[in-house]
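First the structure, in the form of structure tokens, and then the observations on it.
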Amino acid sequence: MGTSTANVVEILALLILLQSVSSICNGDHFNGSCIKTEREALVKFKSSLLNNSNSLPSWVGDDCCRWHGVTCDDITGHVVKLVLSRASKLVLSRASIMGNISLHLGNLSNLQYLDLSLNPSLAIHSLHFPSSLKYLYMWFVVLDKCDNWLQSINMLPSLLELELWNCELSIIGDVSHVNFTSLEVLRLDWNNFHSTIPSWLYNITKLQNLDLYSNAFRGSLSTDISNLNSLAYLNVGVNSLEGNMPNTLNRLCNLIELDLGNNKFSGEISGTFGNSSTCIKNSLENLSLLNNSFSGSIPDNLGQFKRLKVLYLSENSFWGSIPVSIGQLYNLERLRFSQNSLHGEVSELHLLNLRSLIELSMDGNSLVFDIDPEWIPPFQLDWIGLSSCEVGPSFPQWLKTQKSIRFLEMSNASISDNIPDWFENISSNIVGLDLSYNQLFGTLPTFRKLNTTYANEYRIILLKSNQFDGFLTCSHFDATILDISNNLLHGQIPQNLSEMMPSLRLLSLSNNYLNGTVPATLCWIESLQILDLSNNHLSGRIPSCWGNLPSLTVIDFSSNMLSGDVPMSLGSQESLVSLHLENNTLQGKIPMSLRNLESLETLDLSMNSFDGFIPWWIGESLSSLKVLSVHSNKFEGEIPLQLCYLASLRILNLANNVMTGTIPTCFGNFTAIAMHEQKGHWEYYSNAGLYVGFERGYGENVQVYVKGIELEYTSTLRFLYSIDLSGNNFVGEIPQELMNLSGLQVLNLSTNKLDGHISWNIGKLSSLESLDLSENELSGSIPSSISDLNFLSHLNLSFNHLSGRIPKGNQLQTLDDKSIYIGNDGLCGPPLNNCSDDADELPKGHEKGGTTRKDDSEMVWFYSGMGMGFAAGFVGVCSILYFNDSWRCAWFGLVDRVYNKLWVTIAIKANQVKRKFLRNKLEGNA
């Protein structure tokens, strides 16, 4: 038996030797370098590239086996491996290959490995590969014109791994029979298929890794997924898949990682993970179901998935309590249950054996943490997210054992306590801290210098909306983003702020009781992007040192006691997007240097003592303005016509100044209001590579008088369109062109000297919610089209000279307050006194004819009647004279006598005047 086996081995060895000799002798004239036909195929490929003289510079000479990226078989000389990826060490330092080519490598008949990945300038519109290919990597190569890609791949029966991710593929294709059944790895992620998952995928039964992430796939995940019983990694995240999760997933006994996150799946998950007899519990390590619409309770059987390392169930609709069995997952490293509808208590039993845990995220639930203060956790956490859970009222004592915390989120956690002294001991690793919206009191916590091994890491400290008091000292912090707004801090802003926090990007100290001056040292922090010192007691002048802050986008010094002029240096901040100086005691004229702020979107100088004229250059230079508010100052003169160039303007407030002139007709050119434009953003963030969950910036805010009340608009500002010109001395009529602003919601022209009539087509302002025309000199009737304003909830037409019947219908029926119409003696009808019987309704001609008043129409009828009467009388008299001879003779005799008498009288008077003139002339000559 042994001898027979030895003979078989000898025969096989001899056959292999003969095959090798045959290959060498017949290998297309192999000469010890490479096969000629294969070298020619490679040269042809190079010549098809753009800038081919610089691409692949090592591809010269006869020995193609020595070319970079080319690997030949040591025995046969055939090219078996071609690596032209920029990710490869071979060509990483060289420019990417580029071109728009057909890829035909069929002559490389022994090629087994092809890597062209990470060449985004290479576009391939046709593919042809040798059937020997086993490994194909073409990620980040443009294949959007290659419609036959699937047919080409289907001719590769030996293919083991295929990676075509981020290739701009849009056609998934279909095949009647799958030939690449040996495939083990398939990555098609980051493409644009916009289709259902093709059925042929479920026939590749040897697949171990299937990645379909971010492809806009729709439809459901088929129950045939269980055919892929070798599958270890399945990722269909970030698509539009919907329906229930197939229960057949629990038959995938080799599945290690399952990612269904960021889809539209719904239903309960107990069918897949609630069965204790399923084999998936013995293999699964990573489970991500985040950001779907899953509901129901979290299965208690999840505690039997002992190999789980990652469990992401956040951003769904799970309800009920968290099963205590979760505490038995001793391999679990990352646990995310955030943003669900979970409730109940969380005790140390839920965390008892999670010795490997480094991330605990349960924020956005109604959970109550009831943990013994003396409990010592078995883990060291890196990330803790408990915002909007009930953690307090005491500051959690078990945190003092966590020496590795990098991110701590406990905002709105019902904590009413001071921060304990031991917090400083665990602060050296904290990169992100959010304790906002609690009732924390006492002095601000002290942080140790950030201990980090990452070069680009920085610290975010968010302590807003608490009750911290005392002084602000720089020894407290070492931060890049610092928000301590809405507290009880007092004292001065430290002068050495720039020294202690030289990398500061966002500083928000608003809504405190800080006094003193604005430190000039803030101008030294070149990285500063957002500066908010509003609503304090700061005084003195604004520093004039704003020339060295190239990244500054927001300045908010509003609601302080700052005085003096606006410094010219503010005009050097060319990146500035939002400038708030309102509600101070600033004075003087708007400096012309501000015309350089071409990126400015919000300019609020209201409630100061500025004087002079509104600068004309605002309309020409600040073309990006969305908000212009200068109300409650001392501006005079007319409205510059250049303001009409502000096509993006949404909010214009010139109220309560001493301006004169007329309202420009070109105000109808405000495109953003006319088109109800909602593009753009109203929140500005520090561009420091923000950590997920710690995004903080500056939310735009504007004070606007709406419905007679001053309101502050913040997050809803993007939906507001308002014009307020009240409290000035404007004259003339309300421009007809204003009626083109169909998106306008607030129009306030009160307390001016406007006359004329309310436009007959005011109903075109279909979005109007608040209209105030009170205290002017408007006359005529109220147009009936005002009843077409379906959103109108505030109306004031008081103290004008309006007359006639008040229109009825629609939204006007709800506006039944008499004060709306008071001071117009000529008005009648509900809610005022009833009209008399001779008070006619508004004629139809008025509705279409523009500005005709009721009084005018009565005069028209009067003169028309008088004319007709005169004509009738004249015709009657002439008829009598024509038919009665005696009357005719007497009439014409009378006319002749009157004519002669008048002629004689005039002649005598003329002769007397002539003689008197001659007499005076002679006396003068004498």
Side-chain angles (χ1 to χ4, degrees), residues 150 162 164-165 169-175 178 181 183-275 278-281 283-296 298-299 301-302 305 308 310-318 336:
L150 181 59
L162 174 62
L164 299 180
W165 52 278
L169 290 169
S170 58
I171 299 176
I172 189 68
D174 196 12
V175 289
V178 176
T181 53
L183 197 64
E184 297 176 353
V185 175
L186 176 59
R187 290 198 59 183
L188 297 176
D189 42 313
W190 293 100
N191 284 292
N192 304 295
F193 292 122
H194 291 277
S195 68
T196 57
I197 297 176
S199 57
W200 54 262
L201 272 176
Y202 304 117
N203 296 326
I204 312 174
T205 56
K206 293 185 179 180
L207 265 183
Q208 298 177 18
N209 186 335
L210 176 58
D211 196 336
L212 303 178
Y213 181 88
S214 187
N215 275 298
F217 280 123
R218 60 179 184 270
S220 60
L221 185 62
S222 173
T223 56
D224 292 338
I225 192 71
S226 61
N227 295 344
L228 310 181
N229 50 25
S230 298
L231 209 58
Y233 300 92
L234 174 60
N235 189 346
V236 294
V238 191
N239 284 286
S240 297
L241 298 172
E242 56 189 358
N244 293 328
M245 183 190 343
N247 292 339
T248 52
L249 282 170
N250 60 24
R251 302 176 189 172
L252 301 179
C253 301
N254 297 301
L255 196 63
I256 296 174
E257 181 174 331
L258 175 61
D259 189 346
L260 306 183
N262 295 286
N263 278 284
K264 300 177 181 179
F265 289 113
S266 58
E268 299 189 6
I269 65 173
S270 56
T272 306
F273 303 108
N275 189 343
T278 58
C279 61
I280 191 175
K281 69 179 182 180
S283 60
L284 196 62
E285 295 181 4
N286 294 351
L287 174 60
S288 176
L289 305 180
L290 60 84
N291 196 16
N292 279 282
S293 298
F294 290 117
S295 58
I298 298 175
N301 286 335
L302 273 180
F305 287 63
L308 267 182
V310 174
L311 179 57
Y312 292 163
L313 303 183
S314 55
E315 297 176 76
N316 281 284
S317 300
F318 292 114
R336 294 185 187 174

Do [X] side-chain atoms and [Y] backbone N/O form a donor-acceptor pair below 3.5 Å?
X      : Y      : value
Ser270 : Pro299 : no
Ser317 : Ser293 : no
Asn191 : Ile172 : no
Asn263 : Asn239 : yes

Please report the closest heavy-atom contact between [X] and [Y], naming both atoms and the distance.
X      : Y      : result
Arg218 : Leu241 : O-CD2, 3.5 Å
Phe273 : Leu289 : CE1-CD1, 4.2 Å
Arg251 : Ser226 : NH1-OG, 4.0 Å
Ser266 : Asn244 : O-OD1, 3.1 Å
Gly173 : Leu150 : C-CD2, 3.5 Å
Leu228 : Leu210 : CD1-CD2, 4.1 Å

- Query: Checking side chain to side chain contact (heavy atoms under 4.5 Å, CB included) against Leu249, which of Ile269, Leu258, Thr278 comes through?
  - Reply: Leu258
- Message: For a side chain to side chain contact (heavy atoms under 4.5 Å, CB included) check, start with the C-alpha distance between Asp211 and Tyr233, then their side-chain angles and the critical distance, and finish with the verdict.
- Response: CA-CA 8 Å; Asp211 196 336; Tyr233 300 92; over 6 Å; no
Which value, rounded to the nearest 0.5 Å, describes the distance between [X] atom [atom1] and [Y] atom [atom2]?
X      : Y      : atom1 : atom2 : answer
Asn292 : Phe294 : CG    : CZ    : 4.5 Å
Asn215 : Asn192 : CG    : CG    : 7.5 Å
Ser314 : Leu311 : OG    : CG    : 9.5 Å
Glu268 : Asn247 : CD    : CG    : 11.0 Å
Glu184 : Leu162 : CD    : CG    : 12.5 Å
Ser230 : Leu255 : OG    : CG    : 11.5 Å

Counting C-beta onward and ignoring hydrogens, is there a side-chain heavy-atom pair between [X] and [Y] closer than 4.5 Å?
X      : Y      : answer
Phe217 : Ser195 : yes
Leu260 : Val236 : yes
Phe305 : Ile280 : yes
Phe265 : Leu221 : yes
Asn235 : Asp189 : no
Ile225 : Thr248 : yes
Leu183 : Val178 : no
Leu212 : Leu201 : yes

- Message: Heavy-atom count check: over 12 atoms from other residues, nucleotides or ligands less than 6.0 Å from Tyr202 OH?
- Response: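 Yes.
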- Message: Counting only heavy atoms from other residues, nucleotides and ligands, does the tally under 6.0 Å from CH2 of Trp190 exceed 12?
- Response: no
- Item | Step-by-step side chain to side chain contact (heavy atoms under 4.5 Å, CB included) determination, Asn203 to Thr181 | CA-CA 8 Å; Asn203 296 326; Thr181 53; over 6 Å; no
- Task: Using the side chain to side chain contact (heavy atoms under 4.5 Å, CB included) rule, take Leu290 and Asn262 through it: C-alpha gap first, then chi angles, then the decisive distance, then the call.
- Result: CA-CA 6 Å; Leu290 60 84; Asn262 295 286; 3.3 Å; yes
